[in-house]
Amino acid sequence: MFDQSISTLAAQLRNKDISSVELTRYFLDRITKLDPQLNSYITLSENVALKQAAHADTQIQNGDASLLTGIPIAHKDLFCTAGTLTTCGSKMLNNFIPPYESTVTSRLQNAGAVMLGKTNMDEFAMGSSNENSHYGAVKNPWNLDTVPGGSSGGSAAAVAAGLTIAATGTDTGGSIRQPASFCGITGLKPTYGRVSRFGMIAYASSLDQAGPMAKSAEDCAHLMQAMAGFDDKDSTSSETPNDDYLSNLNTPLTGLKIGLPKEYFGDGLDAGVADVIMAAVKEFEKLGAKVKVISLPNLNLSIPSYYVIAPSEASSNLSRFDGVRFGHRCEDPKDLLDMYMRSRAEGFGQEVQKRIMVGTYALSEGYYDAYYLKAQKIRRLIKQDFTNALQEVDVIMGPVAPTTAFGLGSKTNDPVAMYLEDIYTLSVNLAGIPAMSIPAGFSNNMPVGLQIMGNYFAEAKLLNVAHQYQQNTDWHRQTPDMAKGA
Ligand code: GLN
């Protein structure tokens, strides 16, 4: 049952083959049994879940249900959920119970989805391996000695192991796509502004975007139907009307123009990963697509530019955590300055402190022009590269990450090696375009994700392309052995 699609479960709920309360208990039991191996959840919201499930059952009974009504999902622990602990993976927020609900979680709740709990993540979404969480590392269900990717590693591991049907994630520089790739699931990072950021704890506001993570593109489309759309509580939310993400799924791919950026297949790309990606591209050719080699010449500049812009914005966003308004406060402060300093030193982990320092430095007088301004100029070039390429082709394909999931602890002492993992994902956020990761095969028994990038607001197209592939392959239906153990 844990590997059923949303539409199958929705039909079973409507036929009264199962109730939402039963389905919810089933997942809560699986989490209790299996999650000690993974650590994918920070908080299990059992009471909330059972109450929402009972309500969903009444709605279904009354014929007043959407396709998401009664479907159990999980939320990355940076969406504010009223009355439920929201830690952002940090000690700083180990006691933060938001008084309000984020737009994403409230829309999914209004659509009838049931919240099982809050998933583990890198602290303040900073990381590529989920080893930066104050609540402990998350393990990859395909091999418990490897990382699930980050920062939405808890959401990815939980979906892969069948500890939820679907989950929310956020992607500032790859945090939906890279864990989706490492855990063999499907994830979509929407166009910047497509999904409201209201109530999402901010990391880098000009890059952050929330999106769905699930087994299939079709399930992601179900979540997008509820999540996406204008929100007057977020000034960067777009007024462009939503597409219908479900109705385009079955459009044939005949004549689809796929661009393969040569920079995505250069040095540093693992040969096993490259083979899987090229096999996937062949499959698209069988479905009627035409392939063309293109160029995104500024790819290499995405890492230095992102790792100036993201920490700069983070240093500003995280200044609100000062021990005064919410979150951790040190014991017996001597005076105000001592309280600020010790609360922040105690509440933030190492990676977060490092980024605050880098960002504060990059924004300081005299350095601003040399770093932040320059990084913004590079960002503009990267955006232009995509705009040019997407005039020639409909979608761009390549790997999500240069390798499959790496060993726990293998990169924690080498920040540059860790940042290099983000080479194929960062530029998408700098440009603001949408992109997906879909399971495309295995290399050394670990999942490999294919990245599909598209033009602004082309989410429906991406989901269509992904769905057609998934109708003809079954990589997205593979289940890790540990998930079968309950
Ligand atoms: N790995 C990147 C970082 O550490 C991206 C994280 C994200 O997308 N939230 O910043």
Side-chain angles (χ1 to χ4, degrees), residues 2-6 30 34-35 37-40 74 119-120 128-130 138-167 169 171 174-189 211-220 223 270 272-277 279-280 283 397-408 421 424-425 435-452 463 466-467 469-485:
F2 62 85
D3 52 4
Q4 300 288 356
S5 69
I6 290 179
R30 279 184 66 82
L34 295 176
D35 202 42
Q37 295 176 63
L38 298 176
N39 196 27
S40 69
T119 56
N120 204 341
S128 312
S129 68
N130 220 307
V138 179
K139 315 277 163 57
N140 189 315
W142 289 95
N143 174 349
L144 299 176
D145 295 326
T146 64
V147 303
S151 64
S152 313
S155 290
V159 171
L163 306 185
T164 180
I165 292 293
D171 193 311
S175 283
I176 288 177
R177 290 160 288 154
Q178 187 251 21
S181 173
F182 280 13
C183 292
I185 66 158
T186 305
L188 165 66
K189 172 239 172 282
M213 303 175 80
K215 286 255 149 72
S216 67
E218 186 189 328
D219 284 358
C220 286
L223 262 68
D270 176 87
V273 173
D275 288 347
V276 169
I277 300 303
E283 187 67 36
M397 289 186 188
V400 173
T403 62
T404 54
F406 44 89
L408 281 157
E421 275 296 312
Y424 304 132
T425 49
M436 289 186 77
S437 172
I438 62 171
F442 291 80
S443 171
N444 287 328
N445 300 320
M446 292 304 282
V448 175
L450 168 75
Q451 186 167 201
I452 315 174
L463 290 163
H467 180 69
Y469 178 80
Q470 293 183 338
Q471 294 298 96
N472 290 280
T473 55
D474 63 0
W475 302 117
H476 64 293
R477 293 210 191 86
Q478 308 298 314
T479 307
D481 286 341
M482 67 80 59
K484 298 168 189 154

- Phe182 side chain reached by Phe406 side chain, heavy atoms, under 4.5 Å: yes
- Message: Out of the candidates Lys189, Gln178, Arg177, only one should pair with Gln451 under the side chain to side chain donor-acceptor pair (under 3.5 Å) rule; please name it.
- Response: Arg177
- Judged by modelled atom types alone, do Asp35 and Ser40 share a side-chain donor-acceptor pair under 3.5 Å? yes
- Item | Within-4.5 Å side-chain heavy-atom neighbours: Thr404 and Trp142 | no
- Item | Closest approach of Pro179 to Gly149 (non-hydrogen atoms, all atoms of both residues) | CB-C, 3.9 Å
- Query: Taking the side chain as C-beta and beyond, is there a heavy-atom pair between Gln478 and Pro439 under 4.5 Å?
  - Reply: no
- Task: Please examine the side chains of Ile176 and Met213, heavy atoms only from C-beta on, and report whether any two atoms are closer than 4.5 Å.
- Result: yes
- Query: Does some side-chain heavy atom of Asp275 sit less than 4.5 Å from a side-chain heavy atom of Ser443?
  - Reply: no
- Message: Listing request: all salt bridge (Lys or Arg N to Asp or Glu O under 4.0 Å) pairs with a residue in residues 435-448, at least two apart in sequence or in separate chains.
- Response: none
- Nearest heavy-atom approach of Met436 to Leu188 is CG-CD1, 3.5 Å
- Message: Just so I know, are the side chains of Leu38 and Pro141 near enough to count as touching, which here means a heavy-atom distance under 4.5 Å?
- Response: yes
- Separation between CG (Leu463) and OG (Ser216), nearest 0.5 Å, reads 9.5 Å
- Message: Between Lys215 and Asp3, does any side-chain N to carboxylate O distance fall below 4.0 Å?
- Response: no
- Message: Could you measure the distance from the SG atom of Cys183 to the CE atom of Met446? Nearest 0.5 Å is fine.
- Response: 7.5 Å
- Task: Decide yes or no for Asn445 and Asn143: does some side-chain heavy atom of the first lie under 4.5 Å from some side-chain heavy atom of the second?
- Result: no
- Query: Do you know the tightest heavy-atom contact between Thr479 and Ala483?
  - Reply: CG2-CB, 3.6 Å
- Query: To the nearest 0.5 Å, what is the distance between NZ (Lys139) and CG (Asn39)?
  - Reply: 7.0 Å
- Donor + acceptor pair across side chains of Ser129, Glu421 (<3.5 Å): no
- Task: Could you tell me which non-hydrogen atom of Met482 sits nearest to which non-hydrogen atom of Leu34, and how far apart they are?
- Result: O-CD2, 3.7 Å
- Have a look at Ile438 and tell me which of Ile185, Val400, Leu450 forms a side-chain contact (heavy atoms from CB on, under 4.5 Å) with it. Leu450
- Rounded to the nearest 0.5 Å, how far does CG of Leu223 lie from CD of Glu218? 12.0 Å
- From NE2 (His467) to SG (Cys220), nearest 0.5 Å: 12.0 Å
- Message: For a 4.5 angstrom cut-off between non-hydrogen side-chain atoms, does Asp219 reach Thr186?
- Response: no
- Item | Closest non-hydrogen atom pair, Ile277 against Val448 | CD1-CG1, 4.1 Å
- Closest approach of Ala280 to Ala440 (non-hydrogen atoms, all atoms of both residues): CB-CB, 4.1 Å
- So which pairs with a foot in residues 150-166 pass side-chain hydrogen bond (donor to acceptor under 3.5 Å, both in side chains), sequence neighbours left out? Lys76-Ser151, Lys76-Ser152, Thr119-Ser155, Ser151-Ser175
- Task: Kindly say whether Arg477 contributes a backbone atom to a donor-acceptor pair with the side chain of Asp474 at under 3.5 angstrom?
- Result: no
- Query: Roughly how far, to the nearest 0.5 Å, is the CD atom of Glu283 from the CH2 atom of Trp475?
  - Reply: 10.0 Å
